Structure formats: structure tokens, C-alpha cells
**Student:** 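Okay, here's the structure, questions in a sec.
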Protein chains: 2
Amino acid sequence: MPTSDPADQPAVAGPAGLIDALVQTSFVTMASLNKIGAEHDLSLTQLRVLGILRDRRLRMTELADYLGLDKSTMTGLVDRAEKRGLLERVRNPTDGRAVDVRISPAGAALAERLYAQVVASLAPLTGALSRADQHRLRALLETMLDRH
Amino acid sequence: MPTSDPADQPAVAGPAGLIDALVQTSFVTMASLNKIGAEHDLSLTQLRVLGILRDRRLRMTELADYLGLDKSTMTGLVDRAEKRGLLERVRNPTDGRAVDVRISPAGAALAERLYAQVVASLAPLTGALSRADQHRLRALLETMLDRH
DNA sequence: TATTGTTATACTCTATAACTATA
DNA sequence: TATAGTTATAGAGTATAACAATA
């Protein structure tokens with residue numbers, strides 16, 4: 001995968017240089033996820049849904065909010081995943097309007113495999129760093145995410 | 001934007017913890033780019049095309065390879081951007097089969113604005129780090145990208 | 001023959017607007 | 001009335017296969 005993107009420009013001093021690197025890294029990372037998804041006929045969004053529901057059960061609207069999508073988009077997304085036996089719709093027992101979505105056993109098994117593949121596919125990238133640098137990078141990223 | 005994703009799981013020791021952070025950071029970054037694109041009626045891919053062509057002129061196939069897309073996909077992508085006056089098709093002077101794609105003045109102006117917006121929207125994230133940590137993060141990311 | 005790009009086709013993803021059912 | 005979800009609709013993104021033009 002190429003590394004070019006909107007930030008693939010002569011690195012500037014100041015914040016831009018870091019942001020260029022961040023954007024490029026993100027494109028590389030997303031390309032890996034996308035490829036792994038494609039190998040299983042899953043879009044990036046479907047991949048995310050499986051990841052999100054690995055340890056949670058959410059109603060349609062919550063899932064939409066999580067993904068930043070409209071609830072009407074979720075209908076088709078969940079429809080297709082349900083048809084493939086990866087997700088299940090369950091009527092919410094306390095709110096007759098709501099529909100909970102949970103991962104199926106088959107979906108959970110797939111999610112585990114996908115996660116392992118993601119780790120394996122990105123390991124070469126992180127493997128460019130020493131063990132100590134890997135720790136530093138993780139700490140820096142987590143600091144940013146905490147503030148987010 | 002939510003931070004959940006296929007790696008949004010109990011952080012594991014070893015490579016997985018870092019990779020979780022990398023994936024989450026990438027989703028956050030992509031969400032920003034996506035939002036900026038949407039504000040200008042541009043998909044993430046269109047945004048990338050503008051970024052790539054800021055300082056280059058590529059033929060259709062090269063652009064497709066850059067983006068990891070099929071060449072047939074490029075036709076529609078470039079069609080729409082050309083219709084909006086952001087890109088221009090130019091017949092390649094030395095190879096009668098090839099079509100070069102270049103950014104238009106309007107497209108270049110938009111690309112500059114988009115880039116500034118990207119930097120501005122991600123600055124709060126990187127701003128969570130001290131100046132010294134920002135330098136360290138940039139160096140670590142660039143080390144990974146160099147190996148890629 | 002091989003390569004470049006487009007066209008035809010089919011799905012998925014996505015949002016908006018309108019609708020049904022429940023609260 | 002307000003909320004949860006679906007449906008209808010439309011457009012963009014994507015790939016595969018077949019094609020025309022050029023090398």
C-alpha cells in the first residue's frame with residue numbers, strides 16, 4: 001500500500017510534521033484492516049461492528065452512535081450480518097421499541113480470528129521499533145486517546 | 001467519535017496493547033478526515049486523491065495503484081471530481097492509451113484549505129502531548145513508516 | 001499480444017425523509 | 001409527543017467482466 005495521503009507533503013516544522021506522520025500511519029493501518037476485512041467479505045464497518053460487539057450488546061441506536069452513522073444505515077448493516085449468521089437481533093425486554101444486537105457464536109469466533117489477523121498484519125510495522133520504543137509509542141498514543 | 005474498534009478490547013501484554021492503541025488512534029484520525037471531507041462533500045478517497053495530486057500528476061492506473069483500487073473504480077471517482085472542476089484529465093503525450101490526471105487550480109486551492117483543516121482538527125489530539133513528546137511520537141511513527 | 005482506460009453490471013455503504021410501533 | 005427502528009429512495013464507492021483503442 002502506498003503511503004501517500006492528504007498529509008503526504010513536504011514535512012513542515014511545527015505540528016504539521018507530526019500530523020503528517022499520524023495521517024500516514026492511519027492510512028497504512030486502515031489499509032491493513034480493510035484488506036483483512038475484504039478477505040472475509042467484510043467492510044471496515046462490518047469489521048468494527050464485530051469488534052464492538054465482541055464484549056457488548058447494544059441496541060441499534062447505540063451502535064449507530066458508536067459508529068457515527070445514521071440509524072437507518074444500521075438496518076442494512078445488521079441485516080446483512082444477521083443473514084450471514086454473524087449477528088442476532090433480540091427484542092429488548094424492557095423497551096418494546098428497542099432492538100438489541102448481539103454477536104452470534106459464529107460471529108464471535110470470526111471476530112477472534114480477525115483480531116489475531118489484525119495483530120499479525122500490523123506486527124511487522126510495530127516490529128520496526130525496539131521493545132523499549134514500542135512501549136514508548138504505546139504510552140504516547142494512549143495519552144492522546146485518554147484526552148480524546 | 002467513539003474509540004471502539006476491533007482492537008477495543010482488554011489490552012493484552014505484548015504487541016497487542018500497542019496495536020490496540022494504533023488501531024484506535026487510526027479510527028480517531030480517520031473520523032476527523034472523514035468529517036472534514038463530508039463538510040466539503042468529499043469522501044475519504046476523494047480527499048486522498050486531492051492530497052496525492054497536490055504535487056504530482058499521475059495516470060489513471062498509477063492513481064488506482066496508489067489508492068489500492070481497481071482502475072475501473074478510478075473512472076467514476078475522477079469523473080465526479082472532474083465534473084466539480086477539481087481535477088482535469090489530460091491525454092498523455094507519449095502514450096496514446098494513457099490519461100494523466102492533474103489537480104485544477106480550484107482543486108489545489110481546496111486541497112490547501114483541507115490540509116489546514118486536517119492539521120487544525122488533529123492538533124487538539126497531538127496537543128495532549130508535551131512538545132518533547134510530540135517530537136518523540138513523530139520520530140517513532142516515521143521510523144515505522146520508513147520500514148513500511 | 002499486452003496494456004490503458006471505459007462501460008456495463010451488481011452490491012454495499014450511506015444519508016434523508018416518511019412511516020409504524022411503542023413509550 | 002417523543003423515541004426506536006424500518007422502509008423507500010437516491011447517490012457514491014467498489015469490484016468483476018467485457019470491451020475499444022493503442023502499443
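When reading the values below, keep in mind they use all heavy atoms of this one structure, side chains included, and skip hydrogens, waters and symmetry mates. Lettering of chains follows the sequences in order, A, B, ..., and the numbering in each one begins at 1. Predicted model, so just to flag it, every value in this text is computed and none were measured.
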**Student:** Nearest-Å distance, CG (A/Leu67) to P (C/dC13)?
**Tutor:**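 Taking CG of A/Leu67 and P of C/dC13, I get 12 Å after rounding.
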
**Student:** Once salt bridge (charged side-chain N to carboxylate O under 4.0 Å, His left out) is applied, do any residues pair with B/Arg97, and if so which ones, sequence neighbours excluded?
**Tutor:** B/Asp95

**Student:** For B/Arg102, give me all partners under side-chain hydrogen bond (donor to acceptor under 3.5 Å, both in side chains), at least two apart in sequence or on another chain.
**Tutor:** B/Glu88

**Student:** B/Thr75 side chain N/O closer than 4.0 Å to the phosphate oxygens (OP1, OP2) of C/dG5?
**Tutor:**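 For B/Thr75, the contact criterion (side-chain N or O under 4.0 Å from OP1 or OP2 of C/dG5) is not met.
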
**Student:** Can you measure B/Leu42 atom CG to D/dA12 atom P for me and round it to whole angstrom units?
**Tutor:** 12 Å

**Student:** A/Asn92 has an atom CG; how far is it from atom P of D/dT3, in whole Å?
**Tutor:** 17 Å

**Student:** By the salt bridge (charged side-chain N to carboxylate O under 4.0 Å, His left out) test, which pairs, at least two apart or in different chains, include something from residues 26-39 of chain B?
**Tutor:** B/Lys35-B/Glu39

**Student:** Can you tell me how far P of C/dT12 sits from CD of A/Gln46, to the nearest Å?
**Tutor:** 9 Å

**Student:** A/His40: which residues meet the side-chain hydrogen bond (donor to acceptor under 3.5 Å, both in side chains) condition with it, sequence neighbours left out?
**Tutor:**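 Per chain and number, A/His40 pairs via side-chain hydrogen bond (donor to acceptor under 3.5 Å, both in side chains) with A/Gln117.
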
**Student:** Could you write nucleotides 15-23 of chain D as a row of B, S and -, 5' to 3', where a protein heavy atom under 4.0 Å of any base atom gives B, of only sugar-phosphate atoms gives S, and otherwise -?
**Tutor:** BBB----BS

**Student:** How close or far is atom C1' of C/dT14 from atom CG of A/Leu63, stated in whole angstroms?
**Tutor:**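 Checked: the CG to C1' distance equals 15 Å.
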
**Student:** How close or far is atom P of C/dT16 from atom CE of A/Met74, stated in whole angstroms?
**Tutor:** 16 Å

**Student:** With a 4.0 Å limit, can you tell me whether A/Thr45 has a side-chain N or O closer than that to the phosphate oxygens OP1/OP2 of C/dT14?
**Tutor:**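 Yes.
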
**Student:** Grab the two heavy atoms, one from B/Ser26 and one from A/Thr25, that are nearest each other, plus how far apart they are.
**Tutor:**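 Shortest heavy-atom contact: OG-O, 4.3 Å.
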
**Student:** Measure CG/B/Asp100 against P/C/dT4 and give the value in whole Å, please.
**Tutor:** 12 Å

**Student:** With sequence neighbours excluded, what pairs up with B/Ser130 under the side-chain hydrogen bond (donor to acceptor under 3.5 Å, both in side chains) test?
**Tutor:** none

**Student:** Let's see if you get this right: which residues in residues 80-91 of chain B place a heavy atom under 4.0 Å from DNA chain C?
**Tutor:** B/Arg89

**Student:** Using salt bridge (charged side-chain N to carboxylate O under 4.0 Å, His left out) as the criterion, list what pairs up with B/Asp70, not counting sequence neighbours.
**Tutor:**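 With sequence neighbours excluded, B/Asp70 shows a salt bridge (charged side-chain N to carboxylate O under 4.0 Å, His left out) to no residue whatsoever.
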
**Student:** Tell me the interatomic distance from A/Leu44, atom CG, to D/dT14, atom C1', rounded to whole angstroms.
**Tutor:**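 In whole Å, D/dT14 C1' and A/Leu44 CG are 14 Å from each other.
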
**Student:** Could you tell me which residues satisfy salt bridge (charged side-chain N to carboxylate O under 4.0 Å, His left out) with B/Asp133, sequence neighbours excluded, listed by chain and number?
**Tutor:**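 B/Asp133 satisfies salt bridge (charged side-chain N to carboxylate O under 4.0 Å, His left out) with B/Arg136 only.
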
**Student:** From D/dG5, C/dT14, C/dT4, pick the nucleotide closest to the side chain of B/Thr61?
**Tutor:**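 Closest nucleotide among those given: C/dT4.
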
**Student:** So, taking the atom named CG in A/Leu114 and the one named CZ in A/Arg48, what distance separates them when rounded to the nearest 0.5 Å?
**Tutor:** 14.5 Å

